[in-house]
Each structure stands twice: as C-alpha cells, then as structure tokens.
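Some notes on the structure that comes next.
Indexing begins at 1, ligand by ligand and atom by atom, following the structure's order.
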Amino acid sequence: MKRSIDLRSDTVTQPLPEMREAIAHAVVGDDVFGEDPTVNDLQETVAALLGKEAGLFVVSGTMANQVAINAHTQPGDEVICEYNAHIFNYEGGAPALLSGVQLHPLPGVHGVITAEQIEPVIRPFDHHYPHTQLIAIENTHNRAGGTIFPIEEMKKIYELAQKYGLAVHLDGARLWNASVATHIPLAEYAKYADSVSVCFSKGLGAPVGSMIAGSKEFIRRAHRYRKVYGGGMRQAGILAAGALYAVKNNVHRLAEDHARAGRLAAALAAFDGIRIDLKAVQTNIVIFEVISQKISAPEFVDRCGEAGVLMLAIGTNRVRLVVHLHITDADVERTIAVFKQVSADF
Ligand code: TLP
C-alpha cells in the first residue's frame, strides 16, 4: 500500500536522519538555570537573524504568541488584530483566558489590515473604553492561505503604533516562508515589530519549538510568563538542536514548497466545481473552495483521503492544503490525479 500524501499541515513533518543525528549529539544543561548551551546558541542565532537583542525558546507557536501578548499588556487592555488571525481563531481564547485582554478583530484582505483601518479604532482615553495597547499582525497569514503581509504596510502600522505609544507583535510562525518568497531578510520584517514569534516545527521540519524575539527588557518579562505557563524546560537542548539544524539547513529549500504549492493551485484552477484565488497562493499554503452542488468540502476531503491525499476542510466549502519538505514532485502529480478522480463526481 502506498503511503498517504499528508497535506494537512506543515506541522506533520518528521525530523530527517541528519536532524536526528544533531539531536542525538546535542550538548545540554538545565535551561531553567539558563545553562543549556544549545538553547543559548539557538536563542542567540535566531535573535541575530531577526535583528533583535534577545530570544526565548518556547514549546509552541501558541505559547510564543501568548507569552508575548501577556508581556505586552495588562488585564483590561485591547489588542487589535485581523479577523482571521491565528490568535483570534486557533488559540483557544487564550488572550482572554491567560492575559485578561480582549481582541478587536478587523476585516483584512488576504489577511492584511492597514494603518488606515487601524487608526480609527485606537481608543481615545476615556473611562468607558478598554485601553488599546497592542497591534498583532501575522506574516505569512495562515487562514488567508499563506499570504505575505507587505513590508510597506508593516512599516506604516509600526509608525502608527509609535505615534500612539502602542506595541506591535508579529506572529511570524511562517515568517521564513515570507522571507524566502520575497528575498526580504527576516530582520527587515522584524524591524517593524517590537516582538516576533517564529516556529521551527512547521515548514522548517523540527519536531518541537518556537521562539520569541525582542528587546532584552521585553524578553526578561516574557521569561517570567514562560515559567508561569509551565514552559520552563530543563535539558531543552535536545529540542533546540533540531531547531538549530532546521534554521541552518531547511530555510532556503522552502522555495521548493512554494513552487509545488503553485503547481497544485494552478492545477486546481482548471477543475469545474473548484474555485481558487490564485493571487492568494503566495507561499506553501493553498486554500480553495468546493462549489459543486453535489459534494461539500468535508466530503471532498474525505474522498481524497480515501484515495491517499490528506487535507483539512476549514469550513463547509473551504479546503486547505499545505506543502512541506516531505512532499515531492511525484506526490504533487499523484495529488492532481486524485483531484481529477474525485472531481469526476462533481
Ligand atoms: N497553525 C496550525 C494550526 O493551529 C491551525 C496549522 O496547522 O497551521 N501562528 C500561526 C500563524 C500558525 O499557523 C500556528 C499553527 C501557530 C501560530 C501556533 O503554532 P503551534 O501549533 O506550534 O502552537
């Protein structure tokens, strides 16, 4: 039996032999004492890549975002974000639960909100209102289909934030993909945010881990929340070694994932019963609609699954697929063949 082609997420990637080798030989220490050399190396390496003073290794992208939100805010504050943002949709209501803040979601186009949209919703000082404290943006934007947040707009938002004394957090779980697609260095993007989170366990293929970067003072505060959330790990160098390997070896190859995602998107565009906005396909994520009268998106996903292609339905008519380092050109062709077979029933 052929293996399934798993396009549910780039989080499904498994460490390859060279990464496992690096993990096996990691030099470790107690990171709660700050004594794990591999964690320290990762934090310094990635903070430097992002042009920030300091970094903090955390368990997951969710922990990175939530630690950052807590370190930026006080209970009762408000955080402006985009309506489809990961922090608003997929983090279990954590901003309210853990930081006591409310989110103020704005509708974006391809996940992008503008400084012009944000300025009018910044609350004036009045005892009726929550206190606007933070703007959160996401690059690339997951639920919009891996779209790239243009750097010019990030700059405008950052300047606006400075004018009003607000902080900016960048959920850069897939900032690597944005940087590879645009050739804009990570540090250029990070310049327009006070804190940045990046993930090692998505397209980069490490088994676990994310990082928050920012000023030394910000990371000092973040460190406390990481501990409070139970995220103080001990010999975490075992995990950091995989992440370091990924940062050194698996970033440039993301361009291959983008090319394969583009090929899948172009093929999907040719099927009756499928609608896809090709402008939104910019990196490794492809989102499309099943508009057939005969079959819903979850049914389409089930039938493709039975034929060996796994994807996620993200609504009654929307499907998401994500390309990653285990997906080959042959897998892309086999996936297109399965789409052909299943869409014959449309
Ligand atoms: N996204 C996951 C799911 O949670 C939806 C996925 O399969 O894409 N920020 C962004 C932009 C993300 O896409 C994700 C994960 C996270 C944060 C959270 O990362 P983890 O899963 O490590 O907590």
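Within 6.0 Å of the CD atom in Glu53, the count of heavy atoms belonging to other residues, nucleotides or ligands exceeds 12. Within 6.0 Å of CD in Glu333 there are more than 12 heavy atoms belonging to other residues, nucleotides or ligands. The neighbour count for Asp272 CG, taken as heavy atoms of other residues, nucleotides or ligands under 6.0 Å away, does not exceed 12.
In this structure, Arg320 counts as a contact residue of ligand 1, since one of its heavy atoms falls inside 4.0 Å of the ligand. In this structure, Arg174 has a heavy atom closer than 4.0 Å to ligand 1. Between Glu91 and ligand 1 there is a heavy-atom distance shorter than 4.0 Å.
At least one N/O-N/O distance between Asn142 and ligand 1 falls below 3.5 Å. Polar contact check, Ser201 against ligand 1: no nitrogen or oxygen pair lies under 3.5 Å apart. Here's the thing with Lys202: one of its N/O atoms is less than 3.5 angstrom from an N/O atom of ligand 1.
A perpendicular orientation is assigned to the rings of Phe339 and Phe271, their planes being inclined by more than 60° (bins at 30° and 60°).
For the 3.5 Å distance criterion, the side chains of Asp41 and Thr38 fail to qualify, holding no donor opposite an acceptor. Checking Glu91 against Asn65 by side-chain atom types alone, a donor-acceptor pair falls below 3.5 Å. In the model, His141 has no side-chain atom that pairs as donor or acceptor with a side-chain atom of Thr147 under 3.5 Å.
The nearest protein atom to atom 7 (O) of ligand 1, hydrogens excluded, is given as Ser9 OG, 2.7 Å; this is a heavy-atom distance. What sits closest to atom 9 (N) of ligand 1 on the protein, heavy atoms only, is Asp171 OD2, 2.7 Å. The nearest heavy-atom contact from the protein to atom 18 (C) of ligand 1 is His86 CE1, 3.4 Å. The protein heavy atom nearest to atom 22 (O) of ligand 1 is Gly61 N, 2.8 Å.
For ligand 1, the atoms closer than 4.0 angstrom to any heavy atom of Ala173 are 9 (N), 10 (C), 11 (C). Close contacts of ligand 1 with Thr62, meaning ligand atoms under 4.0 Å from a residue heavy atom, involve 18 (C), 19 (O), 20 (P), 23 (O).
Between Gln66 and the options Ile212, Ile87, Val58, a side-chain contact (heavy atoms from CB on, under 4.5 Å) holds for only Ile87. Under the side-chain contact (heavy atoms from CB on, under 4.5 Å) test applied with Asp36, the options Val28, Leu42, Val27 reduce to a single match, Val28.
In Glu138, the part holding a heavy atom less than 4.0 Å from any atom of ligand 1 is the side chain. In Ser60, the parts holding a heavy atom less than 4.0 Å from any atom of ligand 1 are both the side chain and the backbone. In Asn65, the part holding a heavy atom less than 4.0 Å from any atom of ligand 1 is the side chain.
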Could you go through the side-chain hydrogen bond (donor to acceptor under 3.5 Å, both in side chains) check for Tyr90 and Asn142 one step at a time?
CA-CA 10 Å; Tyr90 295 126; Asn142 177 351; 5.8 Å; no
